Amino acid sequence: MEFKPDFEIARARWSRFWEKEPLDSPMLFCLLPKTPQPAPYPNALAFRSGDLAPALDSVESWARSYEFFGDAIPFVSPQFGPDHFALLLGADLKVHPDSPRTGWVVPCVEDWDGAALDVKWDGFWWNRTIECLRAMRKRFDGRLVVNPPNLQGGLDCLCALRGVEPLLMDLVEAPEKVDAAIERVNRAFTAALEALYAEMDLPRYGNTTRHGMFCDEPAGLPQCDFSCMINAEMFQRFALPAIAHEARSFAQAEYHLDGPGAIRHLEDVCSLPQISIIQWQPGAGAGEQKDWWELHLKIDSLGKGQMIHTKNHHALIRAWRGLKQRNQFFSTSAASRDEARRLVDALRGQA
């Protein structure tokens, strides 16, 4: 792997991680800049249309700008935004005329009875996704890992297709229609995922979640950001079965728990044996500054590993030493190899 010379060493550690074999330190994703101003990763919308060469050039510049330290493995994915899956089902993407880096999915479902909730195999967005995947593989196979796009199913997908307020009303006024829509979206999710992985060479290159968790088998990131707007009863009926379906589609699944409003559903999510890892996203503003240690302890007590992202190295050391579950994945930054090495030594109890 050109941009990860010690790829096989990291790959072996990831295998041990998923098998829950003893490790002397957590899995660590840390990018070390090689230059004072490293190249940024291109915005997702850079892949949506037109000539792919400039976006691929940007990916290469980004990869050359960093050392992928520890268990970090460079990866790329043809992601056109968080609601990529909704695009594959017939929605469209609108880009802000004054901000080419800002886009959103336009809801397209007026009524669930008439909605064709299947993958539009001949549609622009499916064909563009496959075009991107093939171009990425042609350019980067053996250099970095190429992933399929992250697909958001379940209520998040329905929300993108229908809109927030209409879907909330549907949950109350037409719950049976929502049940049926989720089943159809689940079938489409499975079909799309199988077709996307058919474009990959997993035995040779593996894949990662969008947070960089590597696996030789399919790995994914189920989530339900819509969960912050519904109570436990609705979550158990409408959201949890779809999350379970998505998690069963992968050999390893990392759940994205997004925002304080989603915490009330944590125990339900952790009841799913297919979910291995919980990734807590506190949100912006005050949430980012709050100490969420009690939540990390709660997740730990529910038997799940965690993905923790912070620049605070002391917080990572506390987590590794204070949490019982050993399947921990830490994402952080460091200014130099010496700083990163000091963190590893501290995590191993050598500093």
Side-chain angles (χ1 to χ4, degrees), residues 14-15 17-20 77 79 82-86 88-89 117-119 126 129 145 147-161 178-203 206-227 230 232-258 262 265-281 299 302-307 325 327 329:
W14 276 111
S15 179
F17 171 86
W18 293 119
E19 294 298 325
K20 295 187 177 180
S77 175
Q79 193 79 40
D83 293 308
H84 192 116
F85 185 44
L88 304 183
L89 300 188
L117 301 178
D118 52 7
V119 180
W126 175 261
T129 299
V145 172
N147 293 322
N150 184 70
L151 305 182
Q152 287 185 214
L155 289 180
D156 282 2
C157 179
L158 266 58
C159 180
L161 294 170
V178 176
D179 287 332
I182 289 174
E183 289 184 10
R184 292 154 67 194
V185 164
N186 284 347
R187 290 195 293 271
F189 182 94
T190 298
L193 199 64
E194 289 177 351
L196 289 168
Y197 274 114
E199 295 286 333
M200 304 288 96
D201 187 353
L202 244 64
N207 66 155
T208 77
T209 69
R210 66 182 173 91
H211 292 138
M213 301 192 75
F214 178 85
C215 188
D216 284 311
E217 300 177 278
L221 196 92
Q223 66 185 76
C224 184
D225 292 358
F226 193 83
S227 68
I230 57 178
E233 182 180 359
M234 284 186 171
F235 183 83
Q236 291 160 7
R237 172 173 177 174
F238 299 110
L240 199 61
I243 294 168
H245 176 84
E246 292 177 41
R248 286 193 299 269
S249 302
F250 302 106
Q252 301 293 343
E254 169 201 356
Y255 185 79
H256 173 63
L257 185 71
D258 195 343
H265 307 301
L266 175 62
E267 292 189 12
D268 283 328
V269 171
C270 289
S271 72
L272 300 177
Q274 301 88 359
I275 300 291
S276 302
I277 305 293
I278 302 294
Q279 181 259 331
W280 164 239
Q281 174 58 46
I299 296 170
L302 291 169
K304 301 300 183 182
Q306 298 182 57
M307 184 273 185
Q325 305 300 323
N327 50 335
F329 172 51

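Since we're looking at a predicted model, the values are computed, not measured. The chain is numbered in sequence order, starting from 1.
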- Item | Spacing of His256 atom NE2 and Asp156 atom CG [to the nearest 0.5 Å] | 8.5 Å
- Would you say Glu254 and His211 make side-chain contact, with heavy atoms under 4.5 Å? yes
- Any side-chain heavy atom of Phe329 sitting closer than 4.5 Å to one from Phe214? no
- Query: With Glu246, which residues qualify under side-chain contact (heavy atoms from CB on, under 4.5 Å), at least two apart?
  - Reply: Phe189, Pro222
- Task: Fit a plane to each ring of Phe235 and His265, take the angle between them on a 0 to 90° scale, and name the class: parallel (under 30°), tilted (30 to 60°) or perpendicular (over 60°).
- Result: parallel
- Closest non-hydrogen atoms of His245 and Asn186, given as atom of the first, atom of the second and distance, are NE2-O, 3.0 Å
- What is the distance from atom CG of Asp225 to atom CD of Gln152, rounded to the nearest 0.5 Å? 6.0 Å
- Message: Within this structure, what is the CZ-CG distance for the pair Phe226 and Asp258, rounded to the nearest 0.5 Å?
- Response: 14.0 Å
- Task: Check whether any side-chain N or O of Ser77 sits under 3.5 Å from a backbone N or O of Pro148 as a donor-acceptor pair, and report yes or no.
- Result: yes
- Message: Ignoring hydrogens, what is the shortest heavy-atom contact between Lys304 and Gln325? Give both atom names and the distance.
- Response: O-CG, 3.5 Å
- Query: Are Tyr255 and Cys224 side-chain neighbours, meaning at least one heavy-atom pair lies under 4.5 Å?
  - Reply: yes
- Query: Looking only at heavy atoms, which two atoms of Gly153 and Val185 are closest? And how far apart?
  - Reply: CA-CG1, 4.4 Å
- Query: Taking all atoms of both residues into account, what is the closest heavy-atom pair of Asn147 and Met200, and its distance?
  - Reply: C-SD, 4.2 Å
- Query: So, for Gly220 and Thr209, which heavy atoms are closest and what is the spacing to 0.1 Å?
  - Reply: O-CG2, 3.9 Å
- Query: With a 4.5 Å heavy-atom cut-off, do Val119 and Leu89 have their side chains touching?
  - Reply: yes
- Query: Do the side chains of Leu155 and Ile230 get nearer than 4.5 Å, heavy atoms only?
  - Reply: yes
- List in chain and number order the residues that pass salt bridge (charged side-chain N to carboxylate O under 4.0 Å, His left out) with Glu194, two or more places apart in sequence or in another chain; answer none if no residue qualifies. none
- At their closest point, which heavy atom of Leu221 faces which heavy atom of Phe250, and how far apart are they? N-CE1, 4.4 Å
- Judged by modelled atom types alone, do Asp268 and Gln236 share a side-chain donor-acceptor pair under 3.5 Å? yes
- Task: Evaluate the side-chain proximity of Asp179 to Arg237: yes if any heavy-atom separation is below 4.5 Å, no if none is.
- Result: yes
